[in-house]
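Order of the sequence lines fixes the chain letters, A, B, ..., with proteins taken first and strands second; residue numbering starts at 1 for each chain. Side chains are part of it too, since the values below use all heavy atoms of this structure and drop only hydrogens, waters and symmetry mates.
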Amino acid sequence: MKKRFSPWKYRLVFSWTLTFTLSVLITGCWDYHELDEESIISMFAYDITPSNLLQASAYLQKPIQNSGNSDNGGGKSDKPEILQSTGTSMYEAIKNMSMYSPNQLAFHHHIITILSEKFARSDNFGDGLERITRVGGTRRRGLFAVTSGNAVDVLRLKLPLVDNLAQGLYSLTEASAEQQFSLKVDLNDVLYDLTTTGIEPIVPRIVLKPNKLQRNGKLEVKLFGCGAFRGTHLVGWLSGTETRGVLWLRHKTGHAILRFPWKDGNMIVQTEEIKVKIIPPKRITRINKRLLFQIQTQWKGKIVMYTGHRILSIQDIPSIKKGIDNHIKLILERSIKRAQTLHTDVIGFGNTLYCAYPSLYRQHYLDDWDTVYFPKITYSIQVKAKVHSIGLTNHYPEDGR
Amino acid sequence: MISVKQLSYLIAAEIFSTGILYLPSISLKQSGNGGWLSPFFSLLAGIIVILVLTFLYQKYPSKTLTDYLPQLVGNVGAKIIGALYVLFFWDCGLDVVREIVGVVQATLLPHTPVVAICFAISFSIIYALYCGLESLARFIELIYFSMPALVIILTLGVAGAIHSNAYFPMLDAGWSGVFRGAFVPSSWFGEVVILAYLLPEVSNSSKVLSRLLWTLVVTAGLLSIMTLLIIGVLGTSEAARTQLASFEVMRYVQFGTFLQHIDALFLLPWLMLMLIKGILFFYVAVVSFSQTAKLSKPKILIIPLVFLSIVISHWLFSDEFTISKFLEIVWPNYSLFFEVLVPILLWITYLIRQVLTRKQNATP
């Protein structure tokens, strides 16, 4: 005979189910908030005021703007707001910001943080990183950039054909990183460089300059070069070309366009792949004040333009390769020299040395690497270029007459 | 009764759930970038426990630890050891509840009072305990794939963001660092001691040993891959600095620009696995209590034990700092005593008794 449940068992099961469901539903209530009542901070800008207070500026968007939809149709939306507040620390400045916003500030869709030069040179950047990672509201995908002027000026920009400035800057960063005149650095990259032995962080630079085509004094923006840091302090700037060299030395490949004089014109080639290997000095048994590193570079790319009037043939390839070799060598030398002048190993020679001789590095070089040993290192660069295509034509158009 | 396959999934969930979240921050402090090797050394604790418990189970078939303790250490000793194991398993359960509450509050529900989260979790545990071990075993069959899935999602999502130089110099803290880093996780592998109460529930225990050993190896492999990824993305120092390193890495996962913010894909399966772990410990606590106290209806213990654990967990771990320090410093020494040392001592006792019995039989 089939066993039947008694009524009290039904009641027990029902009461348990009810209690369980309610407890699960009620538990979330304290953390419940409407999306409409959120202000999404997609960009942050940090400056130091003349009175040495920290000024945090946030580029606020409503979620509906961020999604690109609105009730009034056509994808149009209200203008984003810029909210500013000051404080003695980053934490205080951000806390104060919430007093000016009726909506809840949301950090989880944050895209980019812009630091002013003064801010980046102060201790505030380190404090800020500490705050961000400890509170944990911001994702590590959030990008960083540094500008020589006021960081808040970047938030007031209007990028051509772009409604969402944060997304626009994100795309610009990606484009510059592809061209290797600048780079894309997120919170995780900065933290990785900071916590890794023998390498210092670099952060892309945002350059603002008046737009010559527009008379109303509008600023135009480009990401060009980068700021070199020692620890959490900005110590100087690298130009676009120097940044390119540093990126190559950091094993970052891209599609950089190289231009160098060749024969009677200029040769322009496009990088398809560049591999750089830094070989540490051999047999270190004591502290060498001048360490010799080998830099082996392999470049692969194609000719995209030639402004001279020679008819390119297979015999010219060795000479073009030599031109590329010399050009790359020049860029690498300039980058290393600049980093040495700034006394910060943004390239990672120290890391290469540490990987080869960990205990020796810890014992002798760790503390003074950037300031004492890195500026004195010597290096020899070998470049091996490979041109795999000269393009679809072989001479200048008017020469065909 | 449950199958060997279900038992192995339960054991994998028990180890993986804690390991995936706490292994990097706890282990990498000691082991440096060789931390990915640590799970394979921690595994040894689990292997020893499994070998000892299956050996004793073969000698005392269909009996739990509490059942065969009197034959090994006498009635008084059995009562004392049985009572200590009840406390140990119950403590394991309340620690798990507190860990879940801590993580849920830190990541999902920061404004919700701890008590509310505790009650939600406790009701789930109580309900599952009333349903019984078989229901739990059927449930794990539905979600066991989430363990490899988590590792696969992480691998695909962060593949481009891995810093290759993070793995060099190889074993920067040396082999001693790897061993030191393996100490705390060995206590999580040692949690297979619950087998002392689960083995009698297995329907066909012929392949149980090989299956369980493979489970441990696969779990250690998954944890090792996770640690490799975390080291590659965050770097050793940053991973050791971060409390929930694997969660941070999951937040970093991005597929193109269209699929991101998939933290829930980590938290949801983790929460389920962790609940299963808590339920297992409470189940074993209830069974061992009822057998030690010779109760005819073990289910009457469920509600008091679970609710008491909420109160005690609050009393013991008033803040996050206390629980992380407990897990790092107190837990390994205390748990390894019950997980590894006591079973080994019981096994030695069995061997001595065997020798003495043979000698007694040999003397005319």
What residues of residues 159-173 of chain B make heavy-atom contacts with chain A at a cutoff under 4.5 angstrom? B:H163, B:N165, B:A166, B:F168, B:P169, B:D172

Identify the residues of residues 296-311 of chain B whose heavy atoms come closer than 4.5 Å to a heavy atom of chain A, ordered by number, or report 'none'.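 Within residues 296-311 of chain B, near chain A: B:I303.
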
Looking only at the side chains, is there a donor atom on one of A:S42 and A:Q61 sitting less than 3.5 Å from an acceptor on the other?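 Yes - a donor-acceptor pair under 3.5 Å links their side chains.
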
Part of [X] lying under 4.5 Å from any heavy atom of chain A:
X: B:V249; result: neither
X: B:I126; result: side chain
X: B:V115; result: neither

Engaged part of [X] at the chain B interface, taking heavy atoms whose separation is under 4.5 Å:
X: A:R362; value: side chain
X: A:Y357; value: neither
X: A:H251; value: neither

Residue, of B:A239, B:A106, B:S122, B:P110, that accumulates the most heavy atom pairs under 4.5 Å with chain A: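 The option with the most such pairs is B:P110.
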
For the residue pair B:H261 and A:H108, does the interplanar ring angle fall in the parallel (under 30°), tilted (30 to 60°) or perpendicular (over 60°) class? perpendicular

To the nearest 0.5 Å, what is the distance between CD1 (A:I295) and CH2 (A:W248)? 12.5 Å

